[in-house]
Amino acid sequence: MTQVAVSMSEPSYTLIDAFLFTTQGQERQIVSLGAGTDTRAYRLFKDKAPSKLIYHEIDFPLVTERKYHLTRAIPEMRAVMPKAELVDQTHTWRQEDLPNASQYWCHGLDLRHLSRSSEPPIQLLGLQTNVKTLLLSECCLCYLQVAEASGVIQYFKDQIPRISLVIYEPTHPNDAFGKQMISNLAARRIRMPTLDKYTTTNEQEARLRDAGFSSAHSLTIEFIWEDWVSPEEKERVDGLEGLDEVEEWNLLADHYSISWGWTGINLQNWRVRESGE
């Protein structure tokens, strides 16, 4: 699985890096769904935040509480966020006073609550609706029911007119490899409802257009690995792992995709190629 992570994070530039590059010098915002113990925000605030960045992470309360205690306990994490503090009696914690007036918010919340109709809608503390925003889902929305996943996307899109979205999740469930993948997950009582609905990159693109994104694209990890990653980077990764099972890697990479779209933002420099699916 390391190759999957590398192909996401080390093309000529990643979609996340492209968003940050496009919005440099401006106030901008990233919202990461189901972030778990991901440390991307810590790395960004340490190395890549030349202008104001508001970073939100959302996960179950038990997960965010554990992350808070890890941040307080691990010196490298505490060095980036030395003043992490709980917010009142909620499951939210934050770190303000970051360089360039940046902020970090970690929300303990079941995402399904955002997809439910309520008046007024649930308010996420610290969420800015008037700045360019990237909504990020890495193998998160796929675990929700289709209507719930769509509701979460709509929750943010209804509030933020200048928004972009990146979704990383499995695809191609109906061929032999995909069926075996689903069977293996089912044996562990894991189900991905959106995988039954969006079975190809074309359907992922349609999903984003149906959600109202003016531009939508989707590519398999295999295509991205072959087309976006430089020969030098491929050689470096091969040296780390020794890709003896190239055919297995190609099969695995063809069954994950990255889909992205935007509306109200000019992100034409985000690299777009057709996969020919």
Side-chain angles (χ1 to χ4, degrees), residues 1-19 32-34 40 134-144 146 149-150 153 164-185 190-211 213 215-238 240-241 243-262 267-277:
M1 293 298 289
T2 300
Q3 294 98 320
V4 173
V6 170
S7 58
M8 285 186 63
S9 61
E10 297 295 341
S12 55
Y13 53 80
T14 68
L15 297 174
I16 297 170
D17 286 342
F19 171 79
S32 179
L33 308 176
R40 178 184 289 116
L134 169 61
L135 182 63
L136 178 63
S137 170
E138 295 176 297
C139 286
C140 173
L141 292 177
C142 53
Y143 294 107
L144 303 184
V146 173
S150 298
I153 294 173
S164 51
L165 170 66
V166 172
I167 298 176
Y168 166 61
E169 58 191 40
T171 189
H172 296 158
N174 295 325
D175 61 16
F177 188 93
K179 290 177 180 178
Q180 185 61 53
M181 179 175 66
I182 292 173
S183 177
N184 292 340
L185 291 170
I190 297 174
R191 183 170 175 264
M192 298 181 178
T194 65
L195 184 55
D196 297 330
K197 175 71 172 178
Y198 312 112
T199 63
T200 67
T201 53
N202 288 337
E203 290 175 351
Q204 286 282 8
E205 289 185 8
R207 171 191 190 181
L208 299 190
R209 291 194 181 96
D210 290 344
F213 289 91
S215 182
H217 309 277
S218 183
L219 297 172
T220 65
I221 293 298
E222 180 188 25
F223 186 89
I224 290 174
W225 173 259
E226 293 297 333
D227 193 64
W228 291 24
V229 180
S230 68
E232 294 78 14
E233 178 61 17
K234 291 176 183 174
E235 183 177 354
R236 185 187 74 83
V237 174
D238 183 47
L240 290 174
E241 297 213 3
L243 299 182
D244 297 327
E245 303 296 334
V246 175
E247 183 177 355
E248 182 179 350
W249 152 243
N250 288 337
L251 278 171
L252 181 64
D254 187 51
H255 288 77
Y256 282 83
S257 68
I258 296 182
S259 309
W260 69 100
W262 64 84
L267 294 176
Q268 296 299 330
N269 68 322
W270 284 22
R271 182 170 179 166
V272 176
R273 297 281 186 86
E274 296 302 325
S275 65
E277 184 174 85

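Partners of Ser259 by side chain to side chain donor-acceptor pair (under 3.5 Å), not counting sequence neighbours, listed by chain and number: Ser218.
When all heavy atoms are compared, the tightest approach of Leu208 to Ala216 is CB-CB, 3.7 Å. What you find for Asp254 and His172 is that their closest heavy atoms are O-ND1, 2.9 Å.
Two residues are said to be in side-chain contact when any heavy atoms from C-beta on lie closer than 4.5 Å; Trp262 and His217 meet this criterion. The side-chain heavy atoms of Thr194 and Cys142, taken from C-beta on, include a pair separated by under 4.5 Å. Looking at heavy atoms from C-beta onward, Glu169 lies out of side-chain contact with Tyr256 at the 4.5 angstrom threshold. Leu136 has its side chain out of reach of Tyr168: every pair of non-hydrogen atoms, C-beta onward, lies at least 4.5 Å apart. Side-chain contact check for His255 versus Met181: some heavy-atom pair is nearer than 4.5 Å. Contact annotation: the side chain of Ile16 approaches that of Leu134 to within less than 4.5 Å [non-hydrogen atoms, C-beta and beyond]. Between Phe213 and Ile153 the shortest side-chain heavy-atom distance falls below 4.5 Å. Looking at heavy atoms from C-beta onward, Ile258 lies out of side-chain contact with Leu219 at the 4.5 angstrom threshold.
One finds the OG1 atom of Thr220 at 11.0 Å from the CG atom of Leu252 (value rounded to the nearest 0.5 Å). Rounded to the nearest 0.5 Å, atoms OH (Tyr143) and CG (Leu195) are 10.5 Å apart.
The backbone N or O of Thr199 sits less than 3.5 Å from a side-chain atom of Thr171, completing a donor-acceptor pair. Of the possible polar contacts, none joining the Ser183 side chain to the Lys179 backbone as a donor-acceptor pair under 3.5 Å is found.
Results of the side-chain contact (heavy atoms from CB on, under 4.5 Å) test with Leu141 over Val146, Leu135, Leu33 single out Leu33 as the only residue that passes.
Ion pairing between Glu205 and Arg209 holds under the 4.0 Å rule for side-chain N and carboxylate O.
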